[in-house]
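Read through the structure below, which is laid out as structure tokens, and then see the notes.
Ligands are counted one by one from 1 in listed order, and the atoms in each one are counted from 1 as well.
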Amino acid sequence: MFDKESYLASINEACSYISSRFDMTGTDTCIVLGSGLGPFTDLVKCVNKISYADIPGFPTTTVIGHSGELILADIEGKKVILLSGRFHYYEGNDMSVCTFYVRVLSKLGIKNLILTNAAGGMLDGMEPSDLMVVTDHISLFCESPLRGPNLDEFGARFIDQSFVYDKDRIALLKATAEKLGIKLHEGVYCYTKGPQYETPAEIRLIKNLGGGAVGMSTVPEAIVASHCGMKVTAVSCITNLAAGISKTALNHEEVLANAAKASTNSCKLVYEFIKQL
Ligand code: HPA
């Protein structure tokens, strides 16, 4: 359990450091670059970047392929924050650590959070390297990132979760995909703690609960972002068919290879989407 006073002090310290390095004026959008979105940094003009290790209180990431940088980027005149690397519960982080960056960004004025991730797919017609817009999530199997003392300066104790993923943004993302000729599924993302992939029995359960994709990130951040009053949009890259639906055993190399295969489409989709915000 985190200590409220020292947690808030760490948030303030991280904010002061970032504002001393970046001019955040007019910057209200952040994109978290999940697996497959790495090349997104090549599409944008990098104005400035900070290594996570330099930000006081910021955790560091242990996942290979996530570089651990906060980037201030310019997308055709629009300044956005890119996060290359996020913090997972399966790495041993407490939920307060996994979601620390969301609260820091909220304090810095970020209102739109775009979360991208790799996920196992279970909807009919899904194929590896397809994309899915997240319409809702299932977080029943994880500890809430809002557990513990409520941070009243961010949001209320008991918050509604009926519209975590902004409906207008979902519609905009779907329209953008259609315009670009990119196949886009829509469905419910089910969060699992990992790091082991699910068993076929777990996937049958999740599918019966209405899950469309399953993954080990995004939901803690989306919950905290909704607590902070942000508009959240999430896109999953279906890197594999979920356990038991796939005829073969799952492995991380397959996940990375299919994320890379999907990256042209996922980067293009997110880029065009942001331009319209
Ligand atoms: N399950 C959980 N997380 C994942 C998967 C999966 O099948 N694929 C990519 N991340």
For [atom], grab the closest protein heavy atom and report residue, atom and distance to one decimal in Å.
| atom | result |
| --- | --- |
| atom 10 (N) of ligand 1 | A118 O, 3.4 Å |
| atom 3 (N) of ligand 1 | G215 CA, 3.4 Å |
| atom 9 (C) of ligand 1 | T239 OG1, 3.3 Å |
| atom 2 (C) of ligand 1 | E198 OE2, 3.2 Å |

- Query: Hey, what's the ring geometry for F87 with Y52, parallel, tilted or perpendicular (30° and 60° as the breaks)?
  - Reply: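 Answer is tilted, since the angle falls between 30° and 60°.
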- Pairs touching residues 123-145 that satisfy ring-ring contact (aromatic ring centres under 6.0 Å, His included), sequence neighbours left out: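 Output for this query lists H137-Y165.
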- Message: Heavy-atom distances under 4.0 Å decide this one: backbone, side chain, both or neither, for L250 against ligand 1?
- Response: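 Just the side chain.
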- Can you tell which part of A119 has a heavy atom less than 4.0 Å from ligand 1: side chain, backbone, both or neither?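 Near ligand 1, A119 shows its backbone, while the atoms from C-beta on stay back.
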- Message: Test: side-chain hydrogen bond (donor to acceptor under 3.5 Å, both in side chains). Region: residues 256-270. Which pairs qualify, not counting sequence neighbours?
- Response: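 Output for this query is empty, none listed.
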- Query: For atom 8 (N) of ligand 1, which candidate among T192, N240, I203 holds the nearest heavy atom?
  - Reply: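 The option holding the nearest heavy atom is N240.
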- Query: Which option out of A259, C237, G120 puts a heavy atom nearest to atom 5 (C) of ligand 1?
  - Reply: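 Ranked by closest heavy atom to atom 5 (C) of ligand 1, first place is G120.
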- Item | Enumerated ligand 1 atoms positioned under 4.0 Å from heavy atoms of M216 |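 Numbered from 1, ligand 1 contributes 2 (C), 3 (N).
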- Query: Using 4.0 Å as the upper bound for N to carboxylate O, is an ion pair formed by K183 and D130?
  - Reply: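 Salt bridge flag = yes for K183 with D130.
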- Query: In terms of side-chain heavy atoms, does S246 have a donor or acceptor partner in N240 at a distance below 3.5 Å?
  - Reply: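 Per modelled atom types, S246 and N240 side chains form no pair under 3.5 Å.
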- Item | Enclosure of K275 NZ (heavy-atom neighbours >12, cutoff 6.0 Å) |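 Yes - once you tally the heavy atoms of other residues, nucleotides and ligands closer than 6.0 Å, there are more than 12.
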- Message: Please identify which of these residues, Q161, E221, K231, meets the side chain to side chain donor-acceptor pair (under 3.5 Å) condition with S226.
- Response: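 Between S226 and the candidates, side chain to side chain donor-acceptor pair (under 3.5 Å) is satisfied uniquely by Q161.
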